[in-house]
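By convention here, the first residue in the shown sequence is residue 1. Note that ligands are numbered from 1 as they come in the structure, with each ligand's atoms numbered from 1 the same way.
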Amino acid sequence: MSFDAATFKPASDLLKDRVILVTGASDGIGAVAAQTYAAHGATVILHGRSEAKLEKIYDAIEQAGGPQPALVPLDLSTATAVEYNQLAVMLEQEFGRLDGLLHNAGVLGDITPLEMYDPDTWDYVMKINLRAPYMLTQSLLPLLKASDDASVIFTTSSVGRRARAFWGAYAISKNGTEGLSQMLADELLNTSNIRVNCLNPGATRTAMRATAYPGENPMSLKTAHDIMPLYLWLMSAESRGTTGQSLDAQPK
Ligand code: NDP
């Protein structure tokens, strides 16, 4: 099955009884994805670095009548192997399995020539955008394997397919994300119920996009709500059999 935006009409219980972790659920696309998943029946585990910001998303989900979410604050720029394992143990005790993992958290870093790129910024971007998805996936694989039908989504970007001048560590981290997704999809093919794909949201009206393109009119862009159909489809049983792909929420 492939995704067809014209015919995909998600039922309100599309994700009923699914347990889904969303990283970077405090703002931007992640905040909307978490609320959208909850609105379609999922129990959402909200990850972010700011507990105060996550609590607002938690409250919004509760007020909308969604299943009670969980909160997991963790700063991905400093997270240790011990902390990732503590998170996995906590989720094992609370839920016993994980049906979905949306790696959405990310930072832009600097837009500047490689010649001038600051090494500390490079390491910071790589830790959040590439090391964290690797570490989190590794620690949560036993829980994903405990699901009958699990979906892992990595977030890529157009510069993850073809790096462009001045995009620095962001472009390289997203190139690495594409490779990580392909490799994991291959490793899990035929040996698990886990599918693994990359999703490129495309130009979307968020704080990150405004920082990257300060001269752009945000009203000319799609909102995070507009791009949710592909996020829903990839998390649902409808995408069973789709793995190792890199998909666009806004195809050209
Ligand atoms: P935002 O900047 O709006 O949101 C980023 C999210 O990541 C926030 O929840 C933020 O938390 C979280 N985050 C950042 N640093 C950390 C950290 N150290 N630890 C934990 N969480 C952290 O970005 P977008 O919503 O625009 O982007 C979401 C994803 O989509 C990213 O992976 C981005 O690369 C990708 N993307 C976006 C595009 C766009 O046009 N918007 C285009 C292509 C790809 P906090 O709220 O605390 O800042």
Side-chain angles (χ1 to χ4, degrees), residues 21-36 44-58 60 71-80 83-84 87 101-111 120-121 123-136 152-164 167-178 180-181 197-214 216-228 230-231 234 246-252:
L21 171 61
V22 177
T23 72
S26 54
D27 214 329
I29 296 168
V32 173
Q35 291 171 84
T36 303
V44 182
I45 301 154
L46 304 167
H47 160 268
R49 62 183 157 182
S50 158
E51 202 161 344
K53 284 180 82 171
L54 287 175
E55 276 167 5
K56 288 191 180 149
I57 309 301
Y58 182 103
L71 285 191
V72 287
L74 183 64
D75 186 334
L76 299 178
S77 70
T78 56
T80 62
E83 286 174 306
Y84 284 112
L87 173 60
L101 174 55
L102 173 62
H103 291 290
N104 161 85
V107 288
L108 186 62
D110 291 338
I111 305 288
D120 290 337
T121 305
D123 289 346
Y124 178 74
V125 172
M126 285 296 181
K127 266 201 156 171
I128 297 165
N129 291 9
L130 189 54
R131 187 176 192 272
Y134 141 62
M135 293 289 286
L136 191 59
V152 178
I153 305 174
F154 291 96
T155 305
T156 185
S157 158
S158 58
V159 293
R161 275 84 173 264
R162 176 73 176 86
R164 286 200 303 275
W167 280 76
Y170 182 83
I172 303 312
S173 70
K174 295 297 187 181
N175 267 264
T177 298
E178 294 265 358
L180 177 61
S181 175
N197 295 284
C198 265
L199 193 169
N200 173 20
T204 308
R205 196 188 306 162
T206 67
M208 184 191 286
R209 177 75 191 187
T211 305
Y213 294 88
E216 185 177 67
N217 175 7
M219 300 315 282
S220 68
L221 300 172
K222 297 276 191 208
T223 66
H225 285 99
D226 294 331
I227 61 170
M228 282 302 119
L230 183 59
Y231 281 78
L234 269 181
S246 189
L247 304 171
D248 290 283
Q250 301 182 56
K252 297 270 181 309

Nearest protein heavy atom to atom 30 (O) of ligand 1, by residue and atom, and its distance? Thr155 CG2, 3.3 Å
For the student: nearest non-hydrogen atoms of Leu46 and Leu54, plus distance: O-CD1, 3.7 Å
Is ligand 1 under 4.0 Å from a heavy atom in the side chain of Arg205, in the backbone, in both, or in neither? neither
Return the closest protein heavy atom for atom 44 (C) of ligand 1 as residue, atom name and distance. Thr156 O, 3.2 Å
Scanning both residues in full, the closest heavy-atom pair of Ala203 with Gln250 reads O-NE2, 2.8 Å
Give the residue and atom name of whichever protein heavy atom lies nearest to atom 25 (O) of ligand 1, and the separation in Å to one decimal. Ile29 N, 2.8 Å
Heavy-atom gap Leu74 to ligand 1 smaller than 4.0 Å: yes
Would you say Ser246 and Phe154 make side-chain contact, with heavy atoms under 4.5 Å? no
of all protein heavy atoms, closest to atom 41 (N) of ligand 1 is Thr206 OG1, 3.1 Å
For Ala31, is there any backbone N or O sitting under 3.5 Å from a side-chain donor or acceptor partner on Gln35? yes
Between Ser158 and Arg164, what is the shortest heavy-atom contact and its length? OG-NH1, 3.4 Å
When you measure from atom 2 (O) of ligand 1 to every protein heavy atom, which one gives the shortest distance, and what is it? Met208 CB, 3.6 Å
So which heavy atom in the protein is nearest atom 40 (O) of ligand 1, and how far is it from that ligand atom? Thr204 N, 2.9 Å
For ligand 1, is any non-hydrogen atom under 4.0 Å from Val107's backbone (N, CA, C, O), its side chain (CB onward), both, or neither? side chain
Considering non-hydrogen atoms of the protein only, which is the closest contact for atom 8 (C) of ligand 1, and what is the distance? Ser26 OG, 3.7 Å
List the steps, then state whether side chain to side chain contact (heavy atoms under 4.5 Å, CB included) holds for Tyr231 with Ile29. CA-CA 10 Å; Tyr231 281 78; Ile29 296 168; 3.5 Å; yes
Please check this pair: side chain of His47 against backbone of Leu74, looking for a donor-acceptor N/O pair closer than 3.5 Å. yes
Considering only non-hydrogen protein atoms, determine which one is nearest to atom 3 (O) of ligand 1 and report residue, atom name and distance to 0.1 Å. Gly28 CA, 3.5 Å
